[in-house]
Amino acid sequence: MKRRTTVISIMTTIVLLGGCASIPNPFAEEADPTEKETPVEENQGGEVQDPNEDQDEGKENPEEETETDTGLPDPEETVTVTADGKKVITNVNDPLVLVNKERNLPADFVPEDLVIPNVPFPFTEDLPKKQLQKVAADAAEALFDQAEKDGIPLFAQSGYRSYDRQEAIFTANAERVGEEEANKFSAFPGQSEHQSGLALDVTSPEVEFKLVEQFGETEAGRWVKANAHKYGFIIRYPKGKETITGYQYEPWHLRYVGKEHAKRIHEQNMTLEEYLGVEVEPVNSSQ
Ligand SMILES: [Zn+2]
């Protein structure tokens with residue numbers, strides 16, 4: 001298959017935690033009032049033309065010009081660009097939707113079919129963050145069923161998070177430590193994958209249900225790394241891929257993409273960015 005060589009420079013000057021860090025937050029959960037159809041705008045132009053297009057080898061399809069023969073969503077064609085240069089995602093309901101520091105979910109995007117998966121949580125309240133898109137919730141139940149059969153103490157900690165809630169979290173943190181500091185551990189609203197309803201943070205008693213890097217070395221963390229793809233999930237922010245994803249290693253953050261895609265991504269040791277043909281130009285990191 002031909003791979004696109006879209007170049008998107010992802011800012012890695014500051015590598016932030018992926019918007020799902022264990023943020024001490026006093027805010028009460030509340031229903032998101034912005035349940036609307038997501039506006040899918042026409043392309044407004046302004047997307048950057050791929051400067052490396054002519055470097056495509058195109059062995060299999062020399063006549064192929066630009067359009068995808070991969071069956072994968074084109075990162076360039078799944079955003080609109082606002083007047084101030086912000087990229088807003090248009091394929092919001094695609095299981096392969098790419099959300100990162102360059103690509104924002106619309107502020108009013110709420111997945112239409114959020115449900116609470118029947119999986120263990122370390123708390124009992126029915127908080128909104130228990131929710132996932134139905135397709136991801138079903139997959140999570142299968143994943144946790146297998147974990148239980150294998151005797152793995154795996155718990156879900158956080159799924160869906162609304163734009164408004166992410167904004168509240170970010171604002172609260174910014175008021176506490178200043179916006180710049182807050183940026184280091186709290187994602188901008190619209191840039192958290194949790195708003196998609198396809199991301200799920202998992203944890204275990206071994207790390208006291210926290211979302212910490214040590215989770216990756218626990219029995220549950222190792223099991224997840226070896227098995228999540230069988231149920232359609234990937235480790236979204238792998239170790240060693242920080243300059244590509246723009247985020248630190250987060251062994252707890254799972255992202256549903258579907259079984260076939262997860263299998264390929266896992267087998268090829270890829271990030272979602274790489275899988276979708278986004279070639280990242282590394283820039284100096286402050287790490
Ligand atoms: Zn997360």
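Nothing here was measured: the structure is a model prediction, and the numbers come from that model. First listed ligand is number 1; within each ligand, the first listed atom is number 1.
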**OP:** Please find the N/O/S atom of D201 nearest to the Zn ion (ligand 1) and write down its name.
**Re:** OD1
Original post:
In H253, which N, O or S atom comes closest to the Zn ion (ligand 1)?
Top reply: ND1
Original post:
Of all the atoms in E250, is at least one N, O or S atom closer to the Zn ion (ligand 1) than 2.8 Å?
Top reply: no
Original post:
Do V135 and F144 share a hydrophobic cluster (ILVMFWY, side-chain heavy atoms under 4.5 Å, transitive)?
Top reply: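 Hydrophobic grouping puts V135 with F144.
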**OP:** Check the surroundings of atom CD in E208: do more than 12 heavy atoms from other residues, nucleotides or ligands lie under 6.0 Å from it?
**Re:**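 Atom CD in E208 is not crowded, with 12 or fewer foreign heavy atoms closer than 6.0 Å.
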**OP:** Starting at NZ of K263, measure out to CD of Q268 and round the result to the nearest 0.5 Å.
**Re:**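 Answer for the NZ-CD pair, K263 versus Q268, is 10.0 Å.
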Original post:
Taking D201 as the fixed residue, which of Q157, K129, H194 is the one that meets the side-chain hydrogen bond (donor to acceptor under 3.5 Å, both in side chains) rule?
Top reply: H194
